[in-house]
Amino acid sequence: MTTRIVWLRRLIRLLILLAVLSLFFVMLDYATDDPSINTASMTRVPLPELELDKAFFIRLENKQVVVIRYSTQLQKKLFASDEEDDASFPKFFVAFAYGTSLGCPLELSDDGKLLKESCSQAYYDFAGQPADPDGDFTALRVPVYTFCPDYSCLNIKLN
C-alpha cells in the first residue's frame, strides 16, 4: 500500500508540473506577437516617382488612398511651429481618400491645392485636416502603412 501511495504522489507531481508548463506556454504564446501575422495583412503597392505637392490617388481592393509628397515650402506651411526643426516634419502624407463629412471619395479641388469631398462642400488641406476650421467633421483617416526603403512602394493595411 505504501508503494502505491508513493507512485500516486509522483504521478500527481508530474501532472501538476505538466499543468504549470502548459499554463506557462499559453501565457508566453499570448504575450508575444508574431510579426509575420501583421505583415501578412499588409498590401504592397508600387509607387511612381511622386511629384512634389501633388496628390496621387491609388485605388485597390475597392478602397482609395491618397499619397502626397511634401516640398520643403509646403512642410513649413502645414507644420510650422517654433519648437520643431525642418528635419522632424513628415515628408509624405498617406490617408484613406474618403471624406469624413459624408464619407464620399475625395478629389482635387479646382486649384489643386486642397482635397474636396465629392458629395459635399468639405475641403481638406494636404495634411488631412479640415480646411474650414468651423467644419463639423474630423481629419482624414490615416491607415497603418510603411514605405519601402527607397520609396518605390507602399505597404498598407487596408482594414
Side-chain angles (χ1 to χ4, degrees), residues 20-159:
V20 168
L21 288 175
S22 298
L23 181 65
F24 178 73
F25 176 76
V26 169
M27 288 175 28
L28 185 64
D29 186 43
Y30 278 108
T32 59
D33 188 22
D34 187 7
S36 64
I37 293 172
N38 293 336
T39 57
S41 63
M42 301 284 270
T43 302
R44 180 173 284 212
V45 180
L47 290 176
E49 182 68 30
L50 297 174
E51 294 181 46
L52 295 174
D53 304 337
K54 302 270 186 197
F56 179 71
F57 291 94
I58 302 168
R59 186 165 190 92
L60 40 103
E61 296 183 22
N62 288 333
K63 301 230 178 186
Q64 187 169 307
V65 176
V66 62
V67 180
I68 300 169
R69 181 177 168 207
Y70 295 134
S71 66
T72 307
Q73 293 82 13
L74 188 59
Q75 286 175 325
K76 288 179 183 176
K77 178 183 169 189
L78 292 173
F79 307 109
S81 83
D82 296 332
E83 298 115 23
E84 296 185 36
D85 59 358
D86 294 351
S88 66
F89 294 150
K91 296 184 182 352
F92 289 87
F93 174 70
V94 178
F96 288 115
Y98 296 99
T100 57
S101 177
L102 296 177
C104 297
L106 296 178
E107 55 190 28
L108 276 175
S109 64
D110 293 336
D111 63 358
K113 298 182 190 265
L114 293 172
L115 299 169
K116 178 191 179 307
E117 190 171 13
S118 59
C119 65
S120 74
Q121 295 302 313
Y123 284 90
Y124 302 88
D125 63 11
F126 278 1
Q129 299 299 318
D132 179 18
D134 298 329
D136 60 345
F137 48 92
T138 61
L140 297 177
R141 270 189 49 219
V142 176
V144 175
Y145 70 92
T146 59
F147 282 100
C148 296
D150 60 353
Y151 295 98
S152 65
C153 66
L154 177 70
N155 298 312
I156 187 166
K157 193 172 192 174
L158 294 175
N159 51 8

Legend entry - Partner residues of E51 under the side chain to side chain donor-acceptor pair (under 3.5 Å) criterion, sequence neighbours left out: none

Inset, instruction - For residues L154 and F92, determine if any side-chain heavy atom of one lies less than 4.5 Å from a side-chain heavy atom of the other. - result: no

Legend entry - Nearest-0.5 Å distance, NZ of residue K91 to CG of residue L50: 14.5 Å

Legend entry - Counterpart residues, side-chain contact (heavy atoms from CB on, under 4.5 Å), relative to N62 (two or more places apart): none

Legend entry - Note, F57 side chain near Q64 side chain (heavy atom, < 4.5 Å): yes

Legend entry - Residue pair D150 / S152: nearest heavy atoms and the distance that separates them: OD1-OG, 2.8 Å

Legend entry - Side-chain touch V94/V66, heavy atoms, less than 4.5 angstrom: no

Legend entry - Over all atoms of both residues, closest heavy-atom pair of R44 and N155: NE-OD1, 3.1 Å

Inset, instruction - Measure the spacing between CG of D125 and CG of L140 and express it to the nearest 0.5 Å. - result: 8.5 Å

Legend entry - Atom pair CZ/CD of R69 and E49 - distance to nearest 0.5 Å: 5.5 Å

Legend entry - D53 vs I68 side-chain heavy atoms within contact, under 4.5 Å: no

Legend entry - Closest non-hydrogen atom pair between K157 and F96, with its separation: O-CZ, 4.0 Å

Legend entry - Test item: I58 and F56 side chains (from C-beta on) under 4.5 Å apart, heavy atoms: yes

Inset, instruction - Quick one: closest heavy-atom pair of T100 and A139, and the distance? - result: CG2-O, 3.2 Å

Inset, instruction - Examine distances only and state if a side-chain atom of S118 and a backbone atom of P105 form a donor-acceptor pair shorter than 3.5 Å. - result: yes

Inset, instruction - Name the orientation class of the two ring planes belonging to F147 and Y145 (parallel below 30°, tilted from 30 to 60°, perpendicular beyond 60°). - result: perpendicular

Inset, instruction - Compare all side-chain heavy atoms of L108 with those of K116 and state whether any distance is below 4.5 angstrom. - result: no

Inset, instruction - For the residue pair L78 and F93, establish whether any side-chain heavy-atom pair is separated by less than 4.5 Å. - result: no

Legend entry - ring pair (Phe, Tyr, Trp, His ring centres under 6.0 Å): pairs with one or both residues in residues 99-127, sequence neighbours excluded: Y124-F137

Inset, instruction - May I ask you to test the L21-L23 pair for a side-chain heavy-atom distance under 4.5 Å? - result: no

Legend entry - Q75 to P90 - nearest heavy-atom pair and separation: NE2-O, 2.7 Å

Legend entry - Aromatic centroids of F89 and Y70 separated by under 6.0 Å: no

Legend entry - Shortest non-hydrogen contact between L102 and E117, atoms and distance: N-OE2, 3.0 Å

Inset, instruction - Measure the CG-CD distance between L115 and E107 for me, rounded to the nearest 0.5 Å. - result: 10.0 Å

